[in-house]
**Student:** 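What follows is a single structure, and I will ask about it in a moment.
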Amino acid sequence: MNTVFALLDCNNFYASCERLFRPELEGSPVVVLSNNDGCIIARSNEAKALGIPMGAPYFKNSSLIEKHHVEVFSSNYALYGDLSHRVMTILQQMEPEVEIYSIDEAFIRLPKNAGSALTEHALFLRKKIKKDVGIPVSVGMGPTKTLAKVANRIAKKDPGHGGVFDLANCQNRDTLLAGIEVGDIWGIGRRNSEKLYSQGIRTALDLKNSNDEWIREHLTVVGLRTVMELRGIPCIPIDHEPAPRKSVVCSRSFRKPVFSLTDLGEAVSSYVSVAAAKLRSEGLMAANLHVFLRTNRHRKNLPQHAETRMVSLVQPTSSTPALIRQALLGLAKIYQEGFAYQKAGVMLTELAKTGMRQQNLFQPLPKNNGDVMDAVDRINSRWGRNTVQYASSGLEKPWCMSQERKSPAYTTNWEELPIVKASP
DNA sequence: TCTGGGGTCCTAGGACCC
DNA sequence: TCTGGGGTCCTAGGACCC
């Protein structure tokens, strides 16, 4: 065995973040909703036990939720982002090779041949994160990333393991793989599960023992890589340096259907402002802008319209007004009167580092508003988003998403710090 | 009444080149 | 009657992830 991969995963992350500042909710069911309070995107163990499904629309489960007095939160990404950063910082201080895989997961490469010391080490990490940040985590280990993912799942499912499970030093790996649904393997989604089921491949063990040619043909090289990883052959390395991003997206569903081009324009303009600020914060500029809108796909009885427009910019830019101008021109071309629009958004692509841009032979460099944008960013960073905004984004914002159960920004806003009182 | 948002990668097919 | 072979690039769509 050459190396061991560990996957550290925060348990029910968003729900755990909310509960951290509401300790009286420990042991009781908690769910967190997506933007616009639409879907359930995180559940505490107690909420899972009640049978509240993941990703399901909130309104379809509200009676179950009320009946069991489930605590409901709108999503609070400032809070989750900050707590995630704290967890990842501890990992990076303690481990030489860390890949931050998502807001609540990190892969770690551990020294080879450490044997049972690995489990001790993982237990220590788990304890330290719980003590220093307050978030419970699970650690799974294996000879490949895919098996580390499986191990993590086992660690979570069976409380007997104390939140840590090692599939690298494990005698009965195949027996355990036989107990894992094929659709629960990292990289095997719903569509591929259906294909595999049609071939009688139902468990991780079945997939491990499946035919390479068939997998290559029907699940492409990506599926074949998963099979190899299940066999213990590492195909997906640790990615220390995240690849440069290729796109920035900002899109939102509306609180209620939007009909007018004016309201759509305000929304798009405000999404462009968010996307452009993100671009600048990473020292990037975009050469292409896509603007899109769509009606509610779930309302089959209403007329449907969904369209995207790509606008090529003469010069790459990160200037908010320049991007707003193009986005509104694109929007006007795809807007059709009479539809009840539910969502709009923008995507910026063909990104390049500021200062690396190719000049146009026939046109002078347009103004990039560098100093103005810099001032806007600094004001908004200090005093809060939208302290300064473009008039085209509107003031009333009737289209703005609803977030009725949002917790305070406990850790990122001085005005919202939690207050602790000592009892007499 | 009420159904999220932000990403990446792979493939097939068309257009085009010599 | 008989109509090549090899390659690149782009795009749309599908699939996956959290």
Side-chain angles (χ1 to χ4, degrees), chain A residues 7-14 31-42 53-63 65-66 72-77 80-81 84 99-107 145-146 149 152 182-196 215-226 235-236 239 242-257 271 274-275 278-279 282 288 290 292 294-302 306-308 310 312 340 342-351 401-405:
Chain A
L7 176 71
L8 183 138
D9 185 324
C10 300
N11 299 350
N12 315 326
F13 184 52
Y14 297 171
V31 299
V32 179
L33 306 180
S34 65
N35 271 338
N36 219 27
D37 293 344
C39 296
I40 295 155
I41 55 167
M54 174 68 172
Y58 171 53
F59 75 91
K60 285 190 177 172
N61 292 276
S62 46
S63 56
I65 283 170
E66 275 161 32
V72 179
F73 292 92
S74 301
S75 36
N76 182 348
Y77 291 105
Y80 314 148
S84 167
E99 171 189 343
I100 299 172
Y101 176 66
S102 74
I103 192 164
D104 68 337
E105 284 172 83
F107 285 105
K145 280 183 165 181
T146 303
K149 275 267 196 185
N152 190 288
V182 79
D184 290 336
I185 299 167
W186 188 41
I188 306 295
R190 193 172 55 84
R191 305 304 296 270
N192 282 339
S193 290
E194 285 169 14
K195 280 188 203 166
L196 291 167
I215 296 293
R216 171 69 184 84
E217 190 184 339
H218 294 93
L219 271 68
T220 80
V221 291
V222 182
L224 192 54
R225 214 177 283 148
T226 299
C235 300
I236 310 170
D239 202 354
R245 78 157 66 240
K246 295 180 173 170
S247 62
V248 173
V249 175
C250 183
S251 71
R252 298 274 182 278
S253 296
F254 306 128
R255 181 193 306 258
K256 52 189 183 188
Y271 305 157
V274 172
K278 189 159 190 183
L279 216 54
E282 299 184 18
N288 278 344
H290 309 242
F292 62 89
R294 72 153 202 244
T295 48
N296 190 337
R297 290 173 303 181
H298 303 284
R299 293 276 160 275
K300 298 226 183 343
N301 53 333
L302 293 179
E307 201 170 335
T308 300
M310 203 254 292
S312 282
Q342 182 228 6
K343 182 176 182 171
V346 292
M347 174 159 63
L348 304 174
T349 59
E350 298 293 303
L351 308 185
M401 68 179 181
S402 55
Q403 285 198 298
E404 294 186 353
R405 299 153 180 271

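Residue numbering restarts at 1 for every chain, and letters A, B, ... go by the order of the sequence lines.
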**Student:** Whole Å only: how far is the CZ atom of A:Phe59 from the C1' atom of B:dC2?
**Tutor:**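 The distance from CZ of A:Phe59 to C1' of B:dC2 comes to 5 Å, rounded to the nearest Å.
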**Student:** Between A:Glu105 and A:Lys149, is the closest basic N to carboxylate O distance under 4.0 Å?
**Tutor:**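 Between A:Glu105 and A:Lys149 there is a salt bridge, with a charged N closer than 4.0 Å to a carboxylate O.
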**Student:** Looking for any heavy atom pair under 4.0 Å, which part of the strands does A:Leu224 touch: base, sugar-phosphate only, or nothing?
**Tutor:**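 The answer is nothing, as A:Leu224 stays clear of every strand by at least 4.0 Å.
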**Student:** How many Å lie between CG on A:Asp184 and C1' on C:dC18, as a whole number?
**Tutor:**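 It is 15 Å, rounded to the nearest whole Å.
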**Student:** Taking 4.0 Å as the cut-off, does a side-chain nitrogen or oxygen of A:Ser75 come that near to OP1 or OP2 on B:dG4?
**Tutor:**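 No.
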**Student:** Once you apply a heavy-atom cut-off of 4.0 Å, does A:Tyr58 come out as touching a base, just sugar-phosphate, or nothing?
**Tutor:**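 Result for A:Tyr58 = nothing.
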**Student:** So what does A:Lys256 touch, heavy atoms closer than 4.0 Å: a base, only the sugar-phosphate, or nothing?
**Tutor:**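 No contact at all - A:Lys256 keeps every heavy atom at 4.0 Å or more from the nucleic acid.
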**Student:** Nearest whole angstrom, please: distance from the P of B:dG5 to the CE of A:Met401.
**Tutor:**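 Checked: the CE to P distance equals 8 Å.
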**Student:** So which nucleotide from C:dA15, B:dG7, B:dG4 ends up closest to the side chain of A:Val249?
**Tutor:**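 From the listed options, B:dG7 comes nearest.
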**Student:** To the nearest Å, how far apart are A:Lys149 NZ and C:dC16 P?
**Tutor:**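 Result: 15 Å.
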**Student:** Can you tell whether the side chains of A:Lys278 and A:Glu282 come within less than 4.0 Å, N to carboxylate O?
**Tutor:**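 Answer for the salt bridge query: no.
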**Student:** Do A:Ser253 and A:Met401 come within less than 4.5 Å of each other through their side chains, counting heavy atoms only?
**Tutor:**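 Not in contact.
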**Student:** Using the side-chain heavy atoms of A:Pro257, tell me which of these nucleotides is nearest: C:dC17, B:dC2, B:dG5.
**Tutor:**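 The closest nucleotide is B:dC2.
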**Student:** Check every strand shown and say whether A:Lys195 touches a base, only sugar-phosphate, or nothing at a heavy-atom separation below 4.0 Å.
**Tutor:**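 It contacts nothing in the nucleic acid.
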**Student:** Just to be sure I understand the rule, does A:Asp37 reach a base, reach only the sugar-phosphate, or reach nothing, if contact means heavy atoms closer than 4.0 Å?
**Tutor:**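 Counting heavy atoms under 4.0 Å across all strands, no contact is made by A:Asp37.
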**Student:** Looking at A:Gln403, does any N or O in its side chain come under 4.0 Å of the phosphate oxygens OP1/OP2 on B:dG4?
**Tutor:**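 For B:dG4, OP1/OP2 do not have a side-chain N/O of A:Gln403 under 4.0 Å.
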**Student:** Polar atoms only, N or O, under 3.5 Å: list the protein pairs with nucleotides 10-12 of chain B and their distances.
**Tutor:**
none

**Student:** Kindly give the heavy-atom pair with the smallest separation between A:Lys195 and A:His218, and that separation in Å.
**Tutor:**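 Reported closest heavy-atom pair: NZ-O, 3.0 Å.
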**Student:** Tell me what A:Ser247 touches on the nucleic acid: a base, only sugar-phosphate, or nothing, going by heavy atoms under 4.0 Å.
**Tutor:**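 Answer is sugar-phosphate: A:Ser247 comes under 4.0 Å of backbone atoms only.
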**Student:** Does A:Arg299 put a side-chain nitrogen or oxygen below 4.0 Å from OP1 or OP2 of B:dC2?
**Tutor:**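 For B:dC2, OP1 or OP2 has a side-chain N or O of A:Arg299 closer than 4.0 Å.
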**Student:** Reckon A:Arg297 touches a base, only the sugar-phosphate, or nothing at all at heavy-atom distances under 4.0 Å?
**Tutor:**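 If one applies the 4.0 Å heavy-atom cut-off, A:Arg297 turns out to touch nothing in the nucleic acid.
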**Student:** Under 6.0 Å from the CZ atom of A:Arg297, do we count more than 12 heavy atoms belonging to anything else shown?
**Tutor:**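 It does not: A:Arg297 CZ has 12 such atoms or fewer within range.
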**Student:** Answer with base, sugar-phosphate or nothing: what part of the nucleic acid does A:Asn36 contact at a heavy-atom distance below 4.0 Å?
**Tutor:**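 No contact.
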**Student:** Would you call the rings of A:Tyr271 and A:Phe254 parallel, tilted or perpendicular, taking 30° and 60° as the class edges?
**Tutor:**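 Ring orientation, 0 to 90° scale: parallel.
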**Student:** Please report, rounded to the nearest Å, how far the P atom of C:dC18 is from the CD1 atom of A:Ile41.
**Tutor:**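 Going from CD1 in A:Ile41 over to P in C:dC18 covers 14 Å.
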**Student:** With a 4.5 Å heavy-atom cut-off, do A:Leu33 and A:Ile41 have their side chains touching?
**Tutor:**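 They are not in contact (no side-chain heavy atoms under 4.5 Å apart), so the answer is no.
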**Student:** Return the nearest nucleotide to the side chain of A:Glu105; candidates are B:dG7, C:dC18, B:dG4.
**Tutor:**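 Output: C:dC18.
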**Student:** Can you find a heavy atom in the side chain of A:Asp104 that is under 4.5 Å from one in the side chain of A:Asp9?
**Tutor:**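 Sidechains of A:Asp9 and A:Asp104: in contact.
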**Student:** Could you state the atom-to-atom distance from OH of A:Tyr14 to P of B:dG4 in whole Å?
**Tutor:**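 Roughly 15 Å, once rounded to whole Å.
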**Student:** Select from A:Ser34 and A:Arg245 the residue whose nearest nucleotide in DNA chain B is closer to the 5' end of that strand.
**Tutor:**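 Looking at DNA chain B, the more 5' nearest nucleotide goes with A:Ser34.
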**Student:** Take A:Lys246 and A:Cys250, find for each the nucleotide of DNA chain B with the closest heavy atom, and name the residue whose nucleotide sits nearer the 5' end.
**Tutor:**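 By nearest-heavy-atom nucleotide position, the 5'-most residue is A:Cys250.
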**Student:** Output the rounded distance in Å from NZ (A:Lys278) to P (B:dG6).
**Tutor:**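 Nearest whole value for this atom pair: 8 Å.
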**Student:** Check whether any side-chain heavy atom of A:Asn35 sits under 4.5 Å from a side-chain heavy atom of A:Gln403, and report yes or no.
**Tutor:**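 In contact.
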**Student:** For DNA chain B, which ranges pair as stems of 3 or more consecutive Watson-Crick or G-U pairs, with both donor-acceptor distances under 3.5 Å?
**Tutor:**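 Counting only runs of 3 or more consecutive pairs, the stems involving DNA chain B are B:5-18 with C:5-18.
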**Student:** Would you check if A:Ile40 and A:Val72 make a side-chain contact, meaning some heavy-atom pair closer than 4.5 Å?
**Tutor:**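 Sidechains of A:Val72 and A:Ile40: no contact.
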**Student:** In terms of relative ring orientation, are A:Tyr14 and A:Tyr80 parallel, tilted or perpendicular, with 30° and 60° separating the classes?
**Tutor:**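 The arrangement is parallel - the two ring planes meet at less than 30°.
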**Student:** Quickly work out the A:Arg191 CZ to B:dC9 C1' distance and round it to whole Å.
**Tutor:**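 In whole Å, B:dC9 C1' lies 17 Å from A:Arg191 CZ.
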**Student:** At under 4.0 Å, does any side-chain N or O of A:Lys60 touch on OP1 or OP2 of B:dT1?
**Tutor:**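 For B:dT1, OP1/OP2 do not have a side-chain N/O of A:Lys60 under 4.0 Å.
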**Student:** Provide the distance between the two C1' atoms, one in B:dG4 and one in C:dC17, to the nearest whole Å.
**Tutor:**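 Looking at atom C1' only, B:dG4 and C:dC17 are 15 Å apart.
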**Student:** With a non-hydrogen cut-off below 4.0 angstrom, is A:Ile188 in contact with a base, only sugar-phosphate, or nothing?
**Tutor:**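 Sugar-phosphate contact only.
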